Amino acid sequence: MTPSHPAEAPLLDVRGLSVAFPSPRGDLMAVDRVSLSVGRGETVALVGESGSGKSMSALAIMRLTPPGARMSADWLGLDGADMSKLGEREIRDIRGRRIAMVFQNPMSSLNAVLTIGRQITESLERHMGLHGRIARARAIELLAMVDVPAPGKLVDAYPHQLSGGMRQRAMIAMALAAGPELLIADEPTTALDVTIQAQIMELLGRLQREMRMAVLLITHDLGVVAGVANRVYVMYGGRMFEYGQVDDVFRDPAQPYTIGLLDTVRQLSDESTESLIPIPGQPPGLGPVLVGCAFAPRCRFVVDLCREETPPLRAMGRDRAAACHVAEPRAEPA
């Protein structure tokens with residue numbers, strides 16, 4: 001089942017996306033037939049535990065899969081054009097200009113031997129045709145836009161001279177330099193303390209509104225999703241497990257994996273002193289295509305069919321679907 005889309009044609013429209021690593025044991029599937037969409041100006045969350053395929057899906061959308069990976073898609077649409085058919089030169093023109101990405105770890109993503117300003121002006125030169133003092137002035141404006149203090153000074157700083165929060169802001173400034181239509185934010189608050197996390201998420205929300213851009217937020221933190229996203233997709237084992245409007249999914253999750261993730265959030269936010277009860281077991285590692293439901297070994301609702309047949313995405317209500325043999329359809333929202 002292909003996810004339903006916003007009322008107008010989506011800006012990003014991904015159908016049947018797969019990423020495999022060939023091996024003597026056969027293809028090791030990192031992403032298996034994933035479909036999702038992001039409308040113009042919409043914030044969509046892609047959630048799941050580490051290793052679920054979220055980041056690899058984002059890299060595939062950007063055509064940045066690692067060496068040795070084989071990517072395929074029925075359709076990798078950006079504003080009606082199939083990016084999977086584009087050559088490397090064409091896709092480079094799209095990266096940064098129309099789609100930009102904020103990566104998990106800014107220290108490993110920023111160039112340690114170039115100043116922050118130089119890394120921003122590289123994008124301005126390539127995509128906007130700005131050079132010299134004009135590009136530098138624009139870099140300072142971008143740093144100010146992301147609330148970097150003393151931007152005229154920090155534009156000449158190197159990444160190691162900034163705190164983790166300031167490095168993340170600098171990376172956001174780089175991503176927004178050419179005014180992209182879609183920003184992919186891959187775990188943008190990883191390794192930051194709680195206060196800085198909140199500031200970064202508030203910053204992304206403000207920039208999204210001001211620039212009217214779409215955001216695909218990749219995270220394992222469902223607590224973040226509740227406050228910022230319109231729709232949510234849940235991934236597990238490289239597959240799409242559930243999707244729908246955030247309010248609908250959070251109020252009445254259909255997939256047992258989603259239930260487990262949300263139970264963890266509820267326990268963390270509860271004022272009771274009960275111990276946190278995690279989902280038992282571990283997510284599956286990279287391997288051949290599994291028979292049955294990937295979550296079956298950890299699921300408290302498992303039945304024999306779950307181990308024998310891979311559950312397809314089934315409609316659970318309006319604009320909702322879940323891949324589960326035991327889930328019951330949800331009532332249409334009033």
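In what follows, every heavy atom counts, from backbone to side chain, and hydrogens, waters and symmetry copies are set aside. The shown structure was predicted, so the numbers you read here are calculated from the model rather than taken from an experiment.
- Contact detail for Met145 and Leu207: the closest heavy-atom pair is CG-CD2, 3.7 Å.
- In this structure, the side chain of Gln208 engages the main chain of Gly41 through a donor-acceptor pair within 3.5 Å.
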Subject >> Asp147 and Arg206: CA distance, side-chain angles, deciding distance, side-chain contact (heavy atoms from CB on, under 4.5 Å) verdict >> reply: CA-CA 11 Å; Asp147 299 332; Arg206 174 173 64 79; 3.2 Å; yes

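- Salt-bridge formation is not detected for the pair Glu122/Arg126: no Lys NZ or Arg NE/NH1/NH2 atom is positioned less than 4.0 Å from an Asp or Glu carboxylate oxygen.
- Under the 3.5 Å distance criterion, the side-chain polar atoms of Glu181 are left unmatched by any main-chain donor or acceptor of Arg98.
- No continuous path of ILVMFWY side-chain contacts below 4.5 Å connects Val19 to Trp75, so the two sit in separate hydrophobic clusters.
- Classified by interplanar angle (parallel below 30°, tilted 30° to 60°, perpendicular above 60°), the ring pair Phe241/Tyr236 is tilted.
- Checking side-chain atoms of Gln119 against main-chain N and O of Met174 turns up no donor-acceptor pair under 3.5 Å.
- Distance alone, capped at 3.5 Å, is enough to place a donor-acceptor pair between the Thr121 side chain and the Arg118 backbone.
- Smallest separation of non-hydrogen atoms from Pro10 and Asp13: CG-CB, 3.8 Å.
- Using a cut-off of 4.0 Å between Lys/Arg side-chain N and Asp/Glu carboxylate O, Arg40 and Asp79 are scored as salt-bridged.
- The distance from atom CG of Leu78 to atom CG of Leu11, rounded to the nearest 0.5 Å, is 5.0 Å.
- Met171 and Tyr158 end up in different hydrophobic clusters when Ile, Leu, Val, Met, Phe, Trp and Tyr side chains are linked at under 4.5 Å.
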**OP:** Check the pair Ile99 / Ile184 against side-chain contact (heavy atoms from CB on, under 4.5 Å), numbers first and verdict last.
**Re:** CA-CA 7 Å; Ile99 305 179; Ile184 300 176; 4.0 Å; yes

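- For the atom pair CD1 (Ile218) and CE (Met56), the distance works out to 11.0 Å, reported to the nearest 0.5 Å.
- Salt bridge Arg33/Asp74: present, at least one basic N to carboxylate O contact under 4.0 Å.
- Between the side chain of Arg314 and the backbone N or O of Ala327 there is at least one donor-acceptor pair closer than 3.5 Å.
- Using a distance-only test at 3.5 Å, with no hydrogens or angles considered, no donor-acceptor pair links the side chain of Gln245 to the main chain of Arg231.
- For Val146 against Arg169, the heavy-atom pair with the smallest separation is O-NH1, 3.0 Å.
- His127 places no side-chain N or O within 3.5 Å of a backbone atom of Ala177 that could act as its donor or acceptor partner.
- At distances below 3.5 Å, at least one donor-acceptor pair connects side-chain atoms of Lys54 with backbone N or O atoms of Gly48.
- We find the CZ-CZ distance between Arg63 and Arg92 to be 11.0 Å, quoted to the nearest 0.5 Å.
- Side chain of Asn230 to backbone of Thr43: a donor-acceptor contact under 3.5 angstrom is found.
- Defined by atom type and a distance below 3.5 Å, a donor-acceptor pair is missing between the side-chain atoms of Thr219 and Asp221.
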**OP:** Take Asp27 and Arg70, measure what side-chain contact (heavy atoms from CB on, under 4.5 Å) needs, and give me the verdict at the end.
**Re:** CA-CA 9 Å; Asp27 284 348; Arg70 186 174 67 242; 2.3 Å; yes

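- Taking all atoms of both residues into account, the shortest heavy-atom contact from Ser55 to Gln104 is OG-NE2, 3.2 Å.
- Counting heavy atoms from C-beta on, the side chains of Val44 and Leu12 never come closer than 4.5 Å.
- By the 4.0 Å N-to-carboxylate-O rule, Lys153 lies too far from Asp156 to be salt-bridged with it.
- Closest heavy-atom contact between Ile140 and Pro151: O-CB, 3.7 Å.
- By the rule that hydrophobic residues join a cluster once side-chain heavy atoms approach within less than 4.5 Å of another member, Leu114 and Leu110 end up as members of separate clusters.
- Atom CD1 of Ile134 sits in a sparse spot, with 12 or fewer heavy atoms from other residues, nucleotides or ligands closer than 6.0 Å.
- Using a 4.5 Å cut-off between side-chain heavy atoms of Ile, Leu, Val, Met, Phe, Trp and Tyr, with links allowed through other members, Met211 and Leu183 fall into the same hydrophobic cluster.
- In this structure, Arg138 and Glu141 have side chains that are in contact, with non-hydrogen atoms separated by less than 4.5 Å.
- For the pair Leu76 and Ile61, the minimum side-chain heavy-atom distance is below 4.5 Å.
- In this structure, a donor-acceptor pair under 3.5 Å is absent between the side chains of Tyr257 and Glu242.
- Taking 4.5 Å as the limit, some side-chain heavy atom of Arg298 sits within range of a side-chain heavy atom of Pro283.
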**OP:** Test side-chain contact (heavy atoms from CB on, under 4.5 Å) on Glu125 and His131 and set out the steps.
**Re:** CA-CA 6 Å; Glu125 290 170 1; His131 299 274; 3.6 Å; yes

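- With a 4.5 Å cut-off on side-chain heavy atoms, Ile196 and Gln168 do not count as touching.
- Electrostatic pairing of Glu88 and Arg95 counts as a salt bridge here, judged by a charged N lying under 4.0 Å from a carboxylate O.
- At least one side-chain heavy atom of Leu86 sits under 4.5 Å from a side-chain heavy atom of Met83.
- Summarising the geometry of Leu313 relative to Met240, their closest heavy-atom pair is CD2-O, 3.9 Å, with the distance given to 0.1 Å.
- Summarising the local packing, CD of Glu202 is surrounded by 12 or fewer heavy atoms from other residues, nucleotides or ligands at distances under 6.0 Å.
- In Gln282, the CD atom is not crowded: 12 or fewer heavy atoms of neighbouring residues, nucleotides or ligands sit closer than 6.0 Å.
- Rounded to the nearest 0.5 Å, atoms CZ (Arg167) and CG (Leu162) are 7.0 Å apart.
- Looking at Val31 and Ser18, their side chains never come closer than 4.5 Å, going by heavy atoms from C-beta outward.
- Distance CG/Leu124 to CZ/Arg136: 12.5 Å, rounded to 0.5 Å.
- The hydrophobic clustering, which links ILVMFWY residues whose side-chain heavy atoms are closer than 4.5 Å, places Val228 and Leu204 together.
- For the pair Met316 and Gln255, the minimum side-chain heavy-atom distance is 4.5 Å or more.
- Atom CD1 of residue Ile120 and atom CG of residue Leu130 lie 12.5 Å apart, to the nearest 0.5 angstrom.
- Ring geometry for Tyr233 versus Tyr243: interplanar angle of 30 to 60°, hence tilted.
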